[in-house]
4 protein chains.
Amino acid sequence: MPRPPGHGPGYEIKRQEIIDQAARLFAKQGYAATGIAEIGQVAGLAKGALYYYIGSKENLLVEIQNRVLNPLLTAARRIAALDEDPVLRLRLLSQTLLELILARLDHIWVYEHDYRHLRGANRTRLLRQRHEFEKIVRELLVEAMESGAFRKMDARLAMLQFLNMHNHTYQWAKPGGEWDAEFLSREYCATLISGFRSPSYDAGDLDERVRRFREREQG
Amino acid sequence: MPRPPGHGPGYEIKRQEIIDQAARLFAKQGYAATGIAEIGQVAGLAKGALYYYIGSKENLLVEIQNRVLNPLLTAARRIAALDEDPVLRLRLLSQTLLELILARLDHIWVYEHDYRHLRGANRTRLLRQRHEFEKIVRELLVEAMESGAFRKMDARLAMLQFLNMHNHTYQWAKPGGEWDAEFLSREYCATLISGFRSPSYDAGDLDERVRRFREREQG
Amino acid sequence: MPRPPGHGPGYEIKRQEIIDQAARLFAKQGYAATGIAEIGQVAGLAKGALYYYIGSKENLLVEIQNRVLNPLLTAARRIAALDEDPVLRLRLLSQTLLELILARLDHIWVYEHDYRHLRGANRTRLLRQRHEFEKIVRELLVEAMESGAFRKMDARLAMLQFLNMHNHTYQWAKPGGEWDAEFLSREYCATLISGFRSPSYDAGDLDERVRRFREREQG
Amino acid sequence: MPRPPGHGPGYEIKRQEIIDQAARLFAKQGYAATGIAEIGQVAGLAKGALYYYIGSKENLLVEIQNRVLNPLLTAARRIAALDEDPVLRLRLLSQTLLELILARLDHIWVYEHDYRHLRGANRTRLLRQRHEFEKIVRELLVEAMESGAFRKMDARLAMLQFLNMHNHTYQWAKPGGEWDAEFLSREYCATLISGFRSPSYDAGDLDERVRRFREREQG
DNA sequence: CATGAATGAGTATTCATTCAT
DNA sequence: AATGAATGAATACTCATTCAT
């Protein structure tokens with residue numbers, strides 16, 4: 001998303017570095033409590049030069065949100081469209097979501113805490129994207145109910161349980177912590193699926209199927 | 001908790017009102033983004049008078065945290081000490097926690113988002129109290145495993161699942177929303193317990209037992 | 001135009017003093033080139049206290065414009081409504097205008113130069129008021145034509161000549177300069193009226209009539 | 001007026017274009033409120049390149065003032081030295097001045113508003129040139145008095161009336177407006193001369209003589 | 001010739017806090 | 001018990017200018 005006319009080749013690289021550093025600071029102290037001066041300091045840039053790269057403080061927030069939402073939505077749409085059984089797709093989505101959370105913990109802090117500081121169009125777009133993600137989850141849950149795997153439940157409440165379980169992880173996870181996304185996904189989904197499933201449904205070798213699917217995809 | 005010696009009778013009442021209003025503003029805009037002037041305005045007080053009651057902005061934050069943690073810890077300690085089966089106690093704790101969350105949504109927003117703005121002793125005490133609560137949950141889970149109700153799991157991970165599920169509720173709950181604490185507690189615990197339970201365990205009439213227990217307590 | 005709730009008795013006085021000083025600075029250097037810091041310095045106030053009184057820099061500009069336009073329009077409306085012959089009223093208006101210009105030279109500098117820095121509603125109101133003043137002048141000129149005193153001319157061009165002659169005075173007049181408003185008005189009007197008059201019209205003792213009118217008014 | 005030694009042939013052309021565009025922006029927004037970045041943008045030049053041509057922002061202002069004052073003074077000197085009657089020369093000067101004002105309205109805005117932003121030698125030279133122009137007008141008026149065409153007046157006040165009338169035109173004139181310089185000059189001078197003239201003087205066919213003089217000059 | 005990158009002082013404005021009254 | 005007034009540092013952001021390439 002380069003600015004007016006002409007930026008050198010190093011521009012975008014440096015820009016991304018600055019966003020990285022801003023994300024770290026925002027995560028630790030909050031967006032509102034972090035000053036532009038502080039960002040300039042860790043970036044080793046005077047205020048003027050900093051603005052050359054960032055345009056505005058809110059811009060930084062937008063970019064951080066995008067770094068979370070763009071890959072999340074892309075992956076979610078792709079997974080939702082797969083020709084696989086809905087429970088498997090939920091499990092894939094869970095793992096992808098947790099991978100993203102654990103890979104970018106600081107971004108997630110900002111994503112979860114500071115979206116309210118966005119204004120106008122930025123805020124609108126963000127809310128729309130969040131709703132799209134929630135819709136994807138809800139529709140997968142509905143599919144799982146219709147397939148007979150899950151019992152009939154309030155789809156919205158099931159979706160919220162799914163999101164509660166996953167989205168709160170950033171609050172306690174540490175970078176390089178003891179559990180990886182695959183493990184957490186297995187555990188979270190074990191709990192959720194055992195709560196949501198029909199009496200007759202047996203998840204069987206779900207985790208094994210996920211593993212094979214992912215191998216196939218990358219291989 | 002009166003500060004300088006010699007305050008009239010209305011002091012504490014007005015003080016609590018101010019904290020109420022501050023909580024509402026902090027919840028909506030964030031602690032860092034809310035100005036003292038704004039609080040004075042909704043409180044109908046000039047800044048000088050405001051400071052007479054509050055001492056400092058951080059004080060407000062401390063009080064709000066206390067309003068969440070004091071009743072929470074008191075209730076949690078009482079429930080943990082009950083002579084009841086651990087699953088029942090978990091279910092009681094769940095409902096109490098959700099009652100507190102739904103009753104004071106704005107306080108919870110502040111509690112979840114802005115504890116990082118506390119400094120020094122305030123911060124230390126807060127973290128200690130949070131850990132105490134987590135410990136209570138964890139020990140109840142361990143008891144449930146030892147009683148044979150729950151399968152053997154990583155107690156910390158189980159505790160985190162419990163907290164994820166409950167503590168993220170503030171993000172989407174609305175005051176006067178469609179679900180009350182009892183309903184949410186039943187749903188959350190149904191999911192969690194079906195995920196945690198031993199193959200042999202049957203929760204049976206857990207919700208009914210909770211209802212009877214509560215009636216007995218208040219009656 | 002006091003601000004929110006409650007200001008002490010000295011507030012408005014000090015506020016007016018600050019506006020005085022700002023007008024002096026704006027006149028000398030221009031609005032855009034004068035910093036808030038500079039105003040605070042001559043006012044002997046730190047930036048915080050300054051803002052307590054002024055609200056914003058643009059506010060200062062608005063107040064200065066008002067100090068010119070309010071008395072000008074009030075006087076112009078009053079004069080236009082007088083039951084006197086139109087040439088006399090023009091002459092009265094001329095003198096009043098020049099009195100205002102000479103009495104508040106610095107305000108007029110700001111009024112003439114910096115109205116373009118007003119935005120939104122402030123700008124709209126200003127332009128409306130300027131047009132009202134121009135309309136009053138134009139209508140007096142039309143009346144003078146209709147009364148046979150002035151020859152038939154393009155009323156707008158006559159109005160612009162009237163304004164050119166008067167409004168450019170600020171550019172060279174000095175406070176306490178050698179000519180007063182009465183003298184300048186006599187000279188300007190002598191020129192303008194001799195240019196505008198019908199061949200048959202004789203202004204006669206116009207200046208004497210103005211003098212008597214003013215004496216009557218004040219006596 | 002090339003600056004560093006060794007500039008290509010396009011240098012001066014581009015330089016003049018930049019000054020054109022700067023004048024437009026300064027006129028619209030004021031010198032102080034117009035940024036170098038903005039000028040670079042409309043000139044299609046990065047800031048580095050811009051500075052290659054302009055040297056400094058104040059330089060632009062100097063050039064714009066020169067573009068007004070150089071032709072104005074040249075013309076005024078030439079007209080003053082003509083072997084014609086002083087009233088005709090005043091009328092010629094009036095028309096030339098108005099031609100310049102109407103032809104370069106944006107330059108005149110800058111000339112009238114922003115000369116105060118010049119510093120040091122630039123400012124001194126400007127004031128000297130302005131005084132020279134005023135002196136030329138004043139001396140023509142004196143000549144007209146001495147020739148018996150004008151009555152004896154305060155020459156300075158007459159000069160100021162002349163300048164008031166002409167120099168304020170930029171405030172309301174529009175490019176391509178309904179009146180041209182010849183018309184305005186005729187109207188302004190009709191007013192001024194009827195105000196200044198001796199009872200015995202008859203301007204007669206002044207405008208016709210101006211027309212013939214100009215035809216002769218160009219033919 | 002022209003650029004992209006950098007600077008650092010400067011912009012208007014807001015902040016939490018204090019204190020004499 | 002409460003106020004109006006004041007502070008001074010901090011806020012996000014813009015400025016004219018420079019310079020290596």
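A, B, ... follow the sequence lines: proteins, then strands. Residue 1 opens every chain. All of these numbers come straight from a predicted model, not from anything done at the bench.
- Following rounding to the nearest Å, D/K57 (NZ) and E/dA9 (C1') show an atom-to-atom distance of 15 Å.
- Across all strands, C/K14 comes closer than 4.0 Å only to sugar-phosphate atoms, never to a base (heavy-atom distances).
- Geometrically, B/R116 does not engage B/Y31 in a cation-pi contact defined by less than 6.0 Å to the ring centre and at most 45° from the axis.
- D/G35 comes within 4.0 angstrom of sugar-phosphate atoms only, judged by non-hydrogen atoms across all strands, and of no base.
- Contact annotation: B/Y52 side-chain N/O to F/dA1 OP1/OP2 distance is under 4.0 Å.
- Rounded to an integer number of Å, the gap from C/I54 CD1 to F/dA6 C1' is 15 Å.
- F/dT14 is paired with E/dA9 under the criterion used here, namely a Watson-Crick or G-U wobble arrangement in which both key atom distances are under 3.5 Å.
- Screening A/L25, A/I19, A/I54 for a side chain to side chain contact (heavy atoms under 4.5 Å, CB included) involving A/I39 leaves a single residue, A/L25.
- Map D/A33 and B/A49 each onto its nearest nucleotide of DNA chain F; the residue landing nearer the 5' end is B/A49.
- You'll find the side chain of C/N70 reaches within 4.5 Å of the side chain of C/Q129, heavy atoms only.
- In this entry the distance linking CZ of D/R15 with P of E/dC1 reads 14 Å, nearest Å.
- Across all strands shown, F/dG4 forms a Watson-Crick or G-U wobble pair, both distances under 3.5 Å, with E/dC19.
- Whole-Å rounding puts the D/Q29 CD to F/dC15 P distance at 10 Å.
- Within the 4.0 Å cut-off from OP1 or OP2 of E/dT17, at least one side-chain nitrogen or oxygen of B/Y51 is found.
- Looking at which nucleotide of DNA chain E each of C/K47 and D/G44 is closest to, the 5′-most match is held by D/G44.
- Counting any heavy atom pair closer than 4.0 Å across all strands shown, A/I36 reaches sugar-phosphate atoms only and no base atom.
- Taking atom CG on B/L45 and atom C1' on E/dA16, their separation rounds to 16 Å, with Å as the unit.
- Nucleotides F/dT21 and E/dC1, compared at atom C1', are 12 Å apart to the nearest Å.
- Rounded to an integer number of Å, the gap from OH of A/Y53 to P of F/dT14 is 17 Å.
- Taking atom CG of residue D/L25 and atom P of nucleotide F/dC15, one finds them 13 Å apart after rounding to whole Å.
- Across the protein-nucleic acid pair, D/Y11 atom OH and E/dC1 atom P stand 10 Å apart, rounded to whole Å.
- Of the charged side-chain nitrogens involved, none lies within less than 4.0 Å of a carboxylate oxygen, so that A/K14 and A/E17 do not count as a salt-bridged pair.
- Between D/A46 and A/G48, the one whose closest nucleotide on DNA chain E sits nearer the 5' end is D/A46.
- Taking the charged nitrogens against the carboxylate oxygens, A/D106 and A/R67 have no contact shorter than 4.0 Å, which rules out a salt bridge.
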